[in-house]
Chemist: 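Dropping the structure in here first, questions after.
Being a predicted model, the structure only gives us computed values, none of them experimental.
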Amino acid sequence: MEQSPAKKRLVVHLGYHKTGSSSLQRWLLDHSEQLSEHMACYNLADGSSNPLKFAAHSLTMGLIGPAKFRERADEWAAAFRDVPQSVICVTDEGLPGLPLGSLTQHYRETGIYPRAPEIVRIMAEAFAEFDPVFVVFEREAEPWLKSVHNQMFKQGCLSEDYWSFIDKYSPDVNWPAFRARLEEAVEAGSDGSGRLVACSFEEEFAKPAVAEMTLFKELGVPLDILARCRPQLTHVNASMPLEARPPERLPAMVLGGPNSILAGGWVNLLRRNFDSLIDITNLSLGASTTAMGLYRLLSWAKRPPEAAVFWEYGINEYNHHSDGQSLESLLYHVEWLIQVCIRERRPLVPVLMRNCAQLNLMDDPYIPSLKRLFATYQVPVLDVQQLLPVLARGQYKPAEWYSENSRYRVDTELPIRIAEHVMVLHRQARPPVQNPERARHFDPLNLHVTIPNDNAPSATFKGNQIAVSYEPFGLTPRVSGSGRALAAIIVTSGSGPAIEIETGAGEVLPPVSTQIAFGEGIPPRQLRQLVLSSDTREIDMQGELIFRTVEPETWPETQSLFCWQMPAAEEPDALEGNGLVAVIYEQPRG
């Protein structure tokens, strides 16, 4: 009568992470030749356990469901039947899931092996015929958490210190309760044929020889084989005291007005004093608003991915609002900047400044509306006005802090305090948080910058902070695109002509002046923005916009900070020295 083959035994060493698993696995790998006559070993140390571990991770991350994981476990059970050895060992601390704080494939683990009971139950079901033994090593809570934090920090999964890590995840290390859940899973999955063995990390690794450790007793390694092996473990991947990394040098872009380009101002102090922490690109221009900031940001193809944006247009925008630009159009451009930051995952740091004359105004609609807008997207604001009474230790005289109405003095401590506060915000800044109600408006739209058609001749304008190409108005520049035109970026001067704008559908807008003030002390040519669509006017491009000079029969529209004076400045030439740089427009997606 033929004897039935002896029943195979299976021992699954589950770990956990940072409980000496690497030392156990190294010993098994070092002695694989001696052990092979007794058992088959699927070991993390040589990668042979990876397929089962990766399937467990996919289940943990929600990439596969329980049924698919069961298929994988069944495949392993079939393989176990074919090995010649009577004992099978699987050792991989990744089998219960990912360690707390780990980050992989856009999945962040925020709990202590939350799907381990389900994983163990499925493995117990698939391996029930082998009377599986699941072995875990439990370690004292605080040393274990410190070792896990140490490892995750070294792997780049997190950047916070240990106590911030604890505050963030609030881990409750309750091994008896967790063990009871695993025991229940093994019992239910194997229908009573399997068991869980929990070992104390501290006790097991205090034992003088491998032969005395619980895992090797469960594996049943014969004494004659052990006699041919190294009697002790070697320590592998011991947790070393964690040294803090030097802070990263993070990139940032500044979109602002004249206070952002002052010699000795807050941006220059950021560069000078915090060079090891921040890499600044200053895209600021005087006399401009967020519309210009959108152009500067979107037209820079090499803008650093996920670099923060510092916004400082409050003074400029208040001036434009006081001079006639609608509050709605100003805030709409700011909101588009917020949306761009959301889409490009850019932290946004608003640096809110005020004119000197604006400090004590009680009926200023711009500042409260702007603050409400940023609050809608959970964006903290550095309100520079709040720094003044702090630095002055109470009452202060505005003249002590301003060199003129729109510029702060650089011979006070204010610029460095602004720079320091900006650095704090920068280090902790996150992209704006999308507002569901506003998302319904912006999500169907894209924002574009388009330049005059490629076959048109161009001229070059060079200023202190920028050099751009433009098409002179005398050549009747046109741009292509379909959607709502928000603003035009132009090069202009005291000889800027009146222009009319025609859409692709033949609609012609009333003439608008491109002339700016001229005279002694004023730069002869400047980069400015014309607001196209606003709360009182919509410009649908319908394929293109054409910019044409005209001799207006009546006074042309003069937007904020533009004028219409006759005679105009003689230089530069009205048709050649002024022209169109770009148009910003929004377009329905698809």
Chemist: Determine, for E204 against K207, whether the closest basic-nitrogen to carboxylate-oxygen distance falls under 4.0 angstrom.
Modeler: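 Looking at E204 and K207, the cut-off is met.
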
Chemist: Keeping to residues at least two apart or across chains, list the salt bridge (Lys or Arg N to Asp or Glu O under 4.0 Å) pairs with something in residues 174-185.
Modeler: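 Salt bridge (Lys or Arg N to Asp or Glu O under 4.0 Å) check on residues 174-185 returns E138-R179.
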
Chemist: Is a side-chain N or O of D191 found less than 3.5 angstrom from the main chain of A128, in a donor-acceptor match?
Modeler: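 It does not hold such a pair.
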
Chemist: Return the set of residues passing side-chain contact (heavy atoms from CB on, under 4.5 Å) with E160 (not counting sequence neighbours), or none when no residue passes.
Modeler: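 Testing E160 for side-chain contact (heavy atoms from CB on, under 4.5 Å), a comparison that skips the adjacent residues, returns L158, S164, F165, K168, Y169.
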
Chemist: Could you tell me if the side chain of H426 sits less than 4.5 Å from the side chain of L270, heavy atoms only?
Modeler: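 No, their side chains stay 4.5 Å or more apart.
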
Chemist: Do S23 and R26 meet the criterion of a side-chain donor-acceptor pair at a distance under 3.5 Å?
Modeler: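 Short answer, no.
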
Chemist: Other residues, nucleotides and ligands only: do more than 12 of their heavy atoms fall within 6.0 Å of CD on E203?
Modeler: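 At most 12 heavy atoms, drawn from other residues, nucleotides or ligands, come within 6.0 Å of this atom.
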
Chemist: Indicate yes or no for a side-chain donor-acceptor contact from E202 to the backbone of E140 under 3.5 Å, with no hydrogens or angles considered.
Modeler: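 Present.
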
Chemist: Run the side-chain contact (heavy atoms from CB on, under 4.5 Å) test against V433 and tell me which residues pass, sequence neighbours left out.
Modeler: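 Per chain and number, V433 pairs via side-chain contact (heavy atoms from CB on, under 4.5 Å) with Q378.
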
Chemist: Hey, are the side chains of V210 and L233 touching, using non-hydrogen atoms and a 4.5 Å cut-off?
Modeler: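 Of all side-chain heavy-atom pairs linking L233 with V210, at least one is under 4.5 Å.
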
Chemist: Quick check: does any side chain N or O of R139 sit under 3.5 Å from a backbone N or O of Y16, one acting as donor and the other as acceptor?
Modeler: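 Judged by distance alone, no pair lies under 3.5 Å.
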
Chemist: Test of understanding: with salt bridge (Lys or Arg N to Asp or Glu O under 4.0 Å), list the residues that count as partners of K371, not counting sequence neighbours.
Modeler: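 With sequence neighbours excluded, K371 shows a salt bridge (Lys or Arg N to Asp or Glu O under 4.0 Å) to D383, given in chain and number order.
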
Chemist: Please identify each residue that fulfils side-chain contact (heavy atoms from CB on, under 4.5 Å) with H17, with sequence neighbours left out.
Modeler: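 Residues passing side-chain contact (heavy atoms from CB on, under 4.5 Å) with H17: E93, P99, Y113.
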
Chemist: If you look only at pairs with a residue in residues 270-280, which of them pass as a side-chain hydrogen bond (donor to acceptor under 3.5 Å, both in side chains), with sequence neighbours excluded?
Modeler: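 Every pair satisfying side-chain hydrogen bond (donor to acceptor under 3.5 Å, both in side chains) with a residue in residues 270-280: R249-D275.
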
Chemist: With H421, which residues qualify under side-chain contact (heavy atoms from CB on, under 4.5 Å), at least two apart?
Modeler: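 Here the qualifying residues are L382, L387.
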
Chemist: Measuring only between side-chain heavy atoms, which start at C-beta, is Y107 closer than 4.5 Å to L63?
Modeler: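 Not in contact.
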
Chemist: Determine whether the aromatic ring centres of W144 and F201 lie less than 6.0 Å apart.
Modeler: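 For W144 and F201, the ring centres are not under 6.0 Å apart.
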
Chemist: If a pair satisfies side-chain hydrogen bond (donor to acceptor under 3.5 Å, both in side chains) and one of its residues is in residues 294-303, list it, with sequence neighbours excluded.
Modeler: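 The answer is R303-E344.
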
Chemist: Going through the checks in order, is the side chain to side chain contact (heavy atoms under 4.5 Å, CB included) test met by F205 and L24?
Modeler: CA-CA 10 Å; F205 282 84; L24 298 170; 4.1 Å; yes

Chemist: Calculate, to the nearest 0.5 Å, the distance between atoms SG and CG belonging to C157 and L98 respectively.
Modeler: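 With rounding to 0.5 Å, SG (C157) is 9.0 Å from CG (L98).
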
Chemist: Applying side chain to side chain contact (heavy atoms under 4.5 Å, CB included) to M353 and W266, what does each step give before you reach the verdict?
Modeler: CA-CA 12 Å; M353 298 182 176; W266 67 280; 3.5 Å; yes

Chemist: Can you tell me which residue pairs pass the side-chain hydrogen bond (donor to acceptor under 3.5 Å, both in side chains) test with a partner in residues 38-63, sequence neighbours excluded?
Modeler: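 Residue pairs with at least one partner in residues 38-63: D46-S48, S49-D92, N50-K53, K53-D92.
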
Chemist: Given side chain to side chain contact (heavy atoms under 4.5 Å, CB included), test V135 with T214 step by step and report yes or no.
Modeler: CA-CA 9 Å; V135 180; T214 301; 5.6 Å; no

Chemist: Would you indicate whether E248, at its atom CD, is surrounded by more than 12 heavy atoms from other residues, nucleotides or ligands within a distance under 6.0 Å?
Modeler: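 Counting neighbours around CD of E248, 12 or fewer heavy atoms of other residues, nucleotides or ligands fall under 6.0 Å, so no.
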
Chemist: Would you find a donor on one side and an acceptor on the other, under 3.5 Å apart, between the side chain of K18 and the backbone of L145?
Modeler: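 No; zero donor-acceptor contacts below 3.5 Å.
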
Chemist: So, does W27 use its side chain to make a donor-acceptor pair with the main chain of R230 at under 3.5 Å?
Modeler: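 A pair under 3.5 Å: yes.
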
Chemist: Among Q339, R589, E586, Q587, whose side chain to side chain donor-acceptor pair (under 3.5 Å) with N446 holds?
Modeler: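 Result: among Q339, R589, E586, Q587, R589 is the only option passing the side chain to side chain donor-acceptor pair (under 3.5 Å) with N446.
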
Chemist: Check this for me, if you would: do R195 and E218 make a salt bridge, where the nitrogen-to-carboxylate-oxygen distance has to be below 4.0 angstrom?
Modeler: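 Between E218 and R195 there is a salt bridge, with a charged N closer than 4.0 Å to a carboxylate O.
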
Chemist: Can you pull out every salt bridge (Lys or Arg N to Asp or Glu O under 4.0 Å) where at least one residue sits in residues 55-81? Sequence neighbours excluded, please.
Modeler: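 As it turns out, the salt bridge (Lys or Arg N to Asp or Glu O under 4.0 Å) pairs with a partner in residues 55-81, which skip direct neighbours, are K68-E71, R70-D74, R70-E125, R72-E75, R81-E129.
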
Chemist: Could you note down all residue pairs passing salt bridge (Lys or Arg N to Asp or Glu O under 4.0 Å) where residues 96-116 supplies at least one of them, sequence neighbours left out?
Modeler: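 Listed once each, the pairs are R115-E118.
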
Chemist: What's the verdict on side chain to side chain contact (heavy atoms under 4.5 Å, CB included) for L95 and V90, showing C-alpha distance, side-chain angles and the deciding distance?
Modeler: CA-CA 10 Å; L95 288 173; V90 180; 4.0 Å; yes

Chemist: Look at the aromatic rings of Y332 and W336 and report parallel, tilted or perpendicular, splitting at 30° and 60°.
Modeler: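 If you compare the ring of Y332 with that of W336, the planes turn out perpendicular.
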
Chemist: If every non-hydrogen atom of I88 is compared with every non-hydrogen atom of F80, which pair is closest and at what distance?
Modeler: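 I88 and F80 have their closest heavy atoms at CD1-CB, 3.4 Å.
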
Chemist: Among all residues two or more places apart in sequence or in another chain, which pass the salt bridge (Lys or Arg N to Asp or Glu O under 4.0 Å) test with R345?
Modeler: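 In terms of salt bridge (Lys or Arg N to Asp or Glu O under 4.0 Å), with neighbours along the sequence ignored, R345 is linked to E306.
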
Chemist: Determine whether more than 12 heavy atoms belonging to other residues, nucleotides or ligands lie under 6.0 Å from atom CD of E37.
Modeler: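 Yes, the 6.0 Å shell around CD holds more than 12 heavy atoms from other groups.
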
Chemist: Measuring from atom CE of M253 to atom OG of S284, what distance do you get when rounded to the nearest 0.5 angstrom?
Modeler: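 Output value for this atom pair is 11.5 Å.
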
Chemist: Tell me whether the rings of F127 and F130 are parallel (<30°), tilted (30 to 60°) or perpendicular (>60°).
Modeler: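 Tilted, since the angle between the ring planes falls between 30° and 60°.
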
